[in-house]
Amino acid sequence: MKAIDIEPDERIVILTGAGISKESGLDTFRCAGGLWSKVRIEDVATPEAYARDPARVLGFYDARRRGLLEQGVEPNAAHRALVELERRWPAEVLVVTQNIDDLHDRAGQGNLIHMHGELLKARCTSCGAVSPWLTDMPREAACPACAARGTLRPHVVWFGEMPLEMDRIYAALAGCGLFVSIGTSGQVYPAAGFVREARSAGARTLELNLDPSDGAPLFEDAVYGPATETVPAFVAGLLGRG
């Protein structure tokens, strides 16, 4: 990997997608055999699906929650490398993840935005409270904050809903010196448009992915291969230069 032209006082924004967690044993969404080839988005990942058949939607996320908490599903070398970058890079490093898993959190990432929410939390549609949730979510479960029943949903952003903390993300993109996209398909907006935002603000751009994403032509540089190889090599090179 060639050296990235960035100074130590420049901020870095990193977008991660399902590809960074695949080597930890979690399914991706849009690759061959991914989740969306097995179930329709319209049936499990929209507000309309939840209103129509809440039991089916809750069951889908129950299965994913159980999978995330299985023994052996742990942060991998790519997650750990980003923590090392945050700790050692002189300027701010912000990780924005599309993933609803908690692997960045478990690895120790501090400056982190879950733009699509978090699987291990529940949100009450009555009082709006967000609470930790590590077990299955029955339809009649009570909200830990207000005790209302039948009002809980996974704290995830469904298709048709606005991702979280977008003002903070766009402000970070406007002020960064380097934007890196890791393990994303380049198909889901608004995240797929972040590379354009960063480039228009003058940032260098890099894609680290198993294969070229749909947005690959928009990046100045790219390295393709498993995240557990490309991400630690990128971080090591950047810290060595800095």
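The basis for the numbers below is simple: all heavy atoms, side chains too, and nothing from hydrogens, waters or symmetry mates. Keep in mind that what you see is a predicted model, and the values were worked out from it rather than measured.
If you chain together hydrophobic residues whose side chains sit under 4.5 Å apart, Leu82 and Leu178 fall into the same group. A continuous path of Ile, Leu, Val, Met, Phe, Trp and Tyr side chains, each step under 4.5 Å between heavy atoms, connects Leu85 with Val223, placing both in one hydrophobic cluster. The hydrophobic clustering, which links ILVMFWY residues whose side-chain heavy atoms are closer than 4.5 Å, places Val157 and Tyr50 apart.
A cation-pi arrangement is absent between Arg123 and Trp133, since the terminal nitrogen or guanidinium carbon is not both under 6.0 Å from the aromatic centre and inside a 45° cone about the axis.
Under the 3.5 Å distance criterion, with hydrogens and angles disregarded, no donor-acceptor pair is assigned to the side chains of Asn76 and Thr228. No donor-acceptor contact under 3.5 angstrom links the side chains of Gln98 and Thr184, judged on distance only. Neither side chain, Asn111 nor Glu86, offers a donor N or O lying under 3.5 Å from an acceptor on the other. In this structure, a donor-acceptor pair under 3.5 Å is absent between the side chains of His114 and Asn99.
Relative ring orientation between Trp158 and Tyr61 is described as tilted, the plane-to-plane angle lying within the 30° to 60° band.
Remark: Phe219 pairs with no residue by the ring pair (Phe, Tyr, Trp, His ring centres under 6.0 Å) rule, at least two apart or across chains. Not a single side-chain hydrogen bond (donor to acceptor under 3.5 Å, both in side chains) links Glu229 to another residue, sequence neighbours left out.
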Evaluate side-chain contact (heavy atoms from CB on, under 4.5 Å) for Ile6 paired with Ile12, printing each intermediate quantity in order. CA-CA 9 Å; Ile6 179 174; Ile12 300 172; 3.8 Å; yes
